[in-house]
Amino acid sequence: MSLVIHRLPRVGSTQDEARRLVESGGARAGHVVVADEQTEGRGRFGRAWSSPSGGLYATFVVPRHPMLPIASGLSVVRALARFGVKAGLKWPNDLIVDGKKLAGILIETAGDVALMGVGVNLDEAPLETAVSARAVGGGVRRGGLIVAIVRELGKSLSSEESLQAYRESLLTLGRSVRVTLEGGETIEGTAADVDAEGRLLVETRGGVRAISSGECVHLRS
Ligand code: BTN
């Protein structure tokens, strides 16, 4: 699969640009849409993703794959590690350094492909709760990071060890957590494990719950 990069100076959201390109036949698996800045960058649950210039805002068009929820976070963790940035994961795919958010991933689908949107704070942390790669000592080049993510994603999707490696990067395991589901229900308990589909297994007073999607908060160390 050859890598094709569509580089744009300023867009609403690279997710929307990638979707438009896929739907018009201008992009397929192996293409990446990257923007210098986004005016309507978005995160999970429709939240805004602050996207000033100096960060990485990229949507990777990839084949749909059951391991993608696991492989996506792992690939970004491993790609950043190549530049000396050591991050862990908060379930499902928030990259965290010292309790602050370095990067986030939004996965959407468009026909038979997935749109893996990756936002990384490279030069600046746009929020109090965020951290930048520069602040934690990483000299990360945007182009190099894109290539590294593509390589690591290919490896993670094809390796049987990815689930174990994902578990090892997952700071959430063993923690007391509160997970808010999309309908508003909250589940509290201990994050015991993740399964092969990336579902978080939470031990609650009422038994184990397998959660495929939700907003997770770490309650105590
Ligand atoms: C999250 O943590 O909630 C996910 C954030 C994903 C942000 C990236 S930036 C590139 C792509 N375009 C978007 O509008 N969002 C994703």
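Read the numbers this way: they start at 1 and go in the same order the structure lists the ligands and their atoms. Model, not experiment: these values are computed from the prediction. Values below: every heavy atom of this structure, side chains too, minus hydrogens, waters and symmetry copies.
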(Q) Is it the case that the side chains of Glu182 and Ser213 hold a donor-acceptor pair, with the cut-off being a distance below 3.5 Å and no angle test? (A) yes

Q: Give a yes or no on whether Val208 and Ile187 share a hydrophobic cluster (residues Ile, Leu, Val, Met, Phe, Trp, Tyr; joining criterion: side-chain heavy atoms under 4.5 Å apart).
A: no

Q. Should we count CD of Glu108 as having more than 12 external heavy atoms under 6.0 Å?
A. yes

Q) Do Leu95 and Leu89 have side-chain heavy atoms sitting under 4.5 Å apart? A) yes

Q) If you measure from the Lys or Arg side-chain nitrogens to the Asp or Glu carboxylate oxygens, is any gap between Asp16 and Arg42 under 4.0 Å? A) yes

Q | Separation between CG of Leu74 and OG of Ser156, rounded to the nearest 0.5 Å | A | 4.0 Å

Q. Using a threshold of 4.0 angstrom between heavy atoms of the protein and any atom of ligand 1, which residues qualify?
A. Ser13, Thr14, Gln15, Gln38, Gly41, Arg42, Gly43, Arg44, Trp49, Tyr57, Ala58, Thr59, Asp94, Lys101, Gly104, Ile105, Leu106, Gly117, Val118, Gly119

